[in-house]
Amino acid sequence: MTKYWTVQSKEVINITKRQGVYYPNFEYSPLLKKGPEISMAYELILESFNDFNNSEYKGVLFSFLAYDEVFGIFSIQTFEEFKERIKKARFAVNSLWEYFISEEYVIVELEMPDDFNPIFIDLNDFQAIMPPLFFIPPYTKPVIFDICRSITYNGNGGTPVMPCGLIQAHIPYLRIENIKKVYPLFRLED
């Protein structure tokens with residue numbers, strides 16, 4: 001089992017409690033409805049996820065793990081450590097976090113089985129491949145192409161270009177038994 005951290009709407013948590021499981025569907029994603037231009041990056045992740053997991057999901061949930069150049073990718077063990085890592089990566093998460101705060105979102109601590117490929121990608125690298133694309137070093141056109149190619153052919157984003165300490169991982173569902181604890185959202189400046 002691997003520990004993941006995700007930010008989800010209270011509605012998703014309520015559906016999971018009522019039905020025992022929640023399967024995401026990008027067709028209903030509030031973020032995609034708000035900014036449909038980002039659908040290309042979402043579809044790239046979803047197609048790779050389905051290819052590498054021999055599945056046909058209609059969406060995935062975005063979650064976080066930690067990264068450093070010595071230890072690689074690893075689970076964040078406590079809420080305090082998660083909070084600290086998010087705050088250190090505030091420049092990578094700021095606009096998304098502000099959206100979460102403006103809506104009714106919570107932080108969810110999960111434990112998931114290790115029976116799928118979560119298509120790891122550094123959060124900065126994921127933002128670099130999200131339209132509109134800006135080719136600002138170190139994210140040049142060839143670098144962004146390499147990240148996308150690695151997702152498609154290797155099932156991950158490759159070695160982070162400009163690591164922020166957070167890895168985005170993708171999970172196919174949320175089951176009630178996977179939820180270990182739910183925490184309130186916090187402000188980045190707290």
Side-chain angles (χ1 to χ4, degrees), residues 1-9 12-13 16 21-29 31-32 38-79 81-82 85-86 89 92-93 96-97 100 105-130 144 146-183:
M1 298 286 270
T2 299
K3 186 175 286 204
Y4 295 87
W5 296 82
T6 186
V7 179
Q8 296 300 320
S9 69
V12 165
I13 301 305
T16 307
V21 65
Y22 172 78
Y23 291 99
N25 185 332
F26 283 163
E27 187 177 326
Y28 304 112
S29 167
L31 286 173
L32 285 175
I38 64 174
S39 67
M40 286 177 22
Y42 277 52
E43 289 303 318
L44 174 66
I45 294 294
L46 181 59
E47 286 175 19
S48 183
F49 187 94
N50 281 331
D51 286 348
F52 279 89
N53 291 292
N54 195 26
S55 58
E56 294 182 10
Y57 292 107
K58 295 180 180 178
V60 290
L61 298 170
F62 295 73
S63 67
F64 299 105
L65 288 110
Y67 174 82
D68 76 29
E69 293 176 15
V70 175
F71 298 108
I73 298 170
F74 56 95
S75 292
I76 300 167
Q77 294 303 309
T78 67
F79 177 69
E81 182 185 351
F82 174 76
R85 286 191 173 274
I86 289 289
V93 300
L96 183 60
W97 209 259
F100 290 151
Y105 280 74
V106 292
I107 298 164
V108 185
E109 178 184 354
L110 304 170
E111 282 189 5
M112 299 289 295
D114 296 319
D115 60 356
F116 64 94
N117 177 343
I119 315 297
F120 297 130
I121 182 171
D122 181 86
L123 188 58
N124 277 340
D125 292 358
F126 180 73
Q127 289 187 347
I129 68 168
M130 283 199 3
I144 290 175
D146 284 345
I147 294 168
C148 293
R149 185 174 50 215
S150 185
I151 291 168
T152 301
Y153 296 109
N154 300 329
N156 63 62
T159 302
V161 175
M162 196 169 74
C164 71
L166 286 175
I167 291 292
Q168 183 171 285
H170 308 88
I171 54 180
Y173 54 78
L174 187 59
R175 289 197 172 114
I176 196 71
E177 62 265 23
N178 300 124
I179 298 174
K180 297 304 161 198
K181 196 162 183 186
V182 176
Y183 301 87

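We number each residue from 1, following the sequence as shown.
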Can you name the closest pair of heavy atoms from [X] and [Y] and give their distance?
{"X": "P163", "Y": "D122", "value": "CA-OD1, 3.4 Å"}
{"X": "R85", "Y": "L166", "value": "CB-CD2, 4.1 Å"}
{"X": "P24", "Y": "P172", "value": "CD-O, 3.3 Å"}
{"X": "Y22", "Y": "T16", "value": "CB-OG1, 3.2 Å"}
{"X": "K3", "Y": "L65", "value": "O-CD2, 3.8 Å"}
{"X": "I151", "Y": "G157", "value": "CG1-CA, 3.9 Å"}

Test side-chain hydrogen bond (donor to acceptor under 3.5 Å, both in side chains) applied to [X] - qualifying residues, sequence neighbours left out:
{"X": "D146", "result": "R149"}
{"X": "N25", "result": "none"}
{"X": "Q168", "result": "H170"}

Please check if the side chain of [X] supplies one atom and the backbone of [Y] the other of a donor-acceptor pair under 3.5 Å.
{"X": "N117", "Y": "F52", "answer": "no"}
{"X": "D114", "Y": "M1", "answer": "yes"}
{"X": "D125", "Y": "V161", "answer": "yes"}
{"X": "S63", "Y": "A169", "answer": "yes"}
{"X": "Q8", "Y": "I13", "answer": "no"}
{"X": "S48", "Y": "G155", "answer": "no"}
{"X": "N53", "Y": "F49", "answer": "yes"}

* Structure fact -> Value for OG (S150) from CD1 (I119), rounded to nearest 0.5 Å, stands at 9.5 Å

* Asked: Can you tell me how far CG of L96 sits from CZ of F62, rounded to the nearest 0.5 angstrom?
  -> 9.5 Å

* For F64, which of I167, I107, L123 qualifies under side-chain contact (heavy atoms from CB on, under 4.5 Å)? -> L123

* **Crowding at OH, Y153 (>12 non-hydrogen neighbours, <6.0 Å)** => no

* To do: Assign the ring pair W5 / F82 to parallel, tilted or perpendicular, where the plane angle (0 to 90°) is split at 30° and 60°.
  => parallel

* Assign the ring pair Y23 / Y57 to parallel, tilted or perpendicular, where the plane angle (0 to 90°) is split at 30° and 60°. => parallel

* Check the pair Y173, F116 against ring-ring contact (aromatic ring centres under 6.0 Å, His included), reporting the backbone distance first and the verdict last. => CA-CA 11 Å; Y173 54 78; F116 64 94; 7.1 Å; no

